[in-house]
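Data block below; observations after.
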Amino acid sequence: MLAGAMALAVSAGVFVIALAYGEFALVKPYVGSAGAAGIVAGSAALFIGLLGVGLAMAARPPKPKPGEPQNVVDRVMDFVKRKPVTAIGGAIAAGILAIRNPTYLGSVVRAFVEGQDAPRRGRK
């Protein structure tokens, strides 16, 4: 099965290269070698873009689990309900940080929204 998939991929690659060479030979007399290469590259970029848009439109977002928060506000409210003392401490710390360094607060909020660790302070 893997050999069949590889054969299909290789034959598709040969087909695309043959089409590109044919297009190059077709437009070379009109625009020269450099122009023909640019047209081939542009048509390849257009094809890749259309393929990407088609795949993006065909994709379906994953369905959330029934008890899972839907958006950022739901995540924050769920966190406050589960850990109110930690949420109050975090709000106080965020207020202090906002006064001292507003850019750091932005990165902490972004880390919370994306679900990653907060950035470290200090020298590397």
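Since this is a predicted model, take the numbers as computed values, not measurements.
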> Taking only residues at least two apart or on different chains, which pairs with a member in residues 5-15 satisfy side-chain hydrogen bond (donor to acceptor under 3.5 Å, both in side chains)?
Replying inline: none

> Of all residues at least two apart in sequence or in a different chain, which pass the side chain to side chain contact (heavy atoms under 4.5 Å, CB included) check with Ser43?
Replying inline: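 With neighbours one apart ignored, the set is Glu23.
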
> With sequence neighbours excluded, what pairs up with Val16 under the side chain to side chain contact (heavy atoms under 4.5 Å, CB included) test?
Replying inline: none

>> Show the nearest heavy-atom pair for residues Ala20 and Val40, with the distance to one decimal.
In response: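 Of all heavy-atom pairs spanning Ala20 and Val40, the closest is O-CG2, 3.7 Å.
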
> Nearest 0.5 Å, what's the CZ-CG distance between Phe24 and Leu19?
Replying inline: 15.0 Å

> Got a second to check how far Leu46's CG is from Leu51's CG, nearest 0.5 Å?
Replying inline: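 One finds 11.0 Å between CG of Leu46 and CG of Leu51.
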
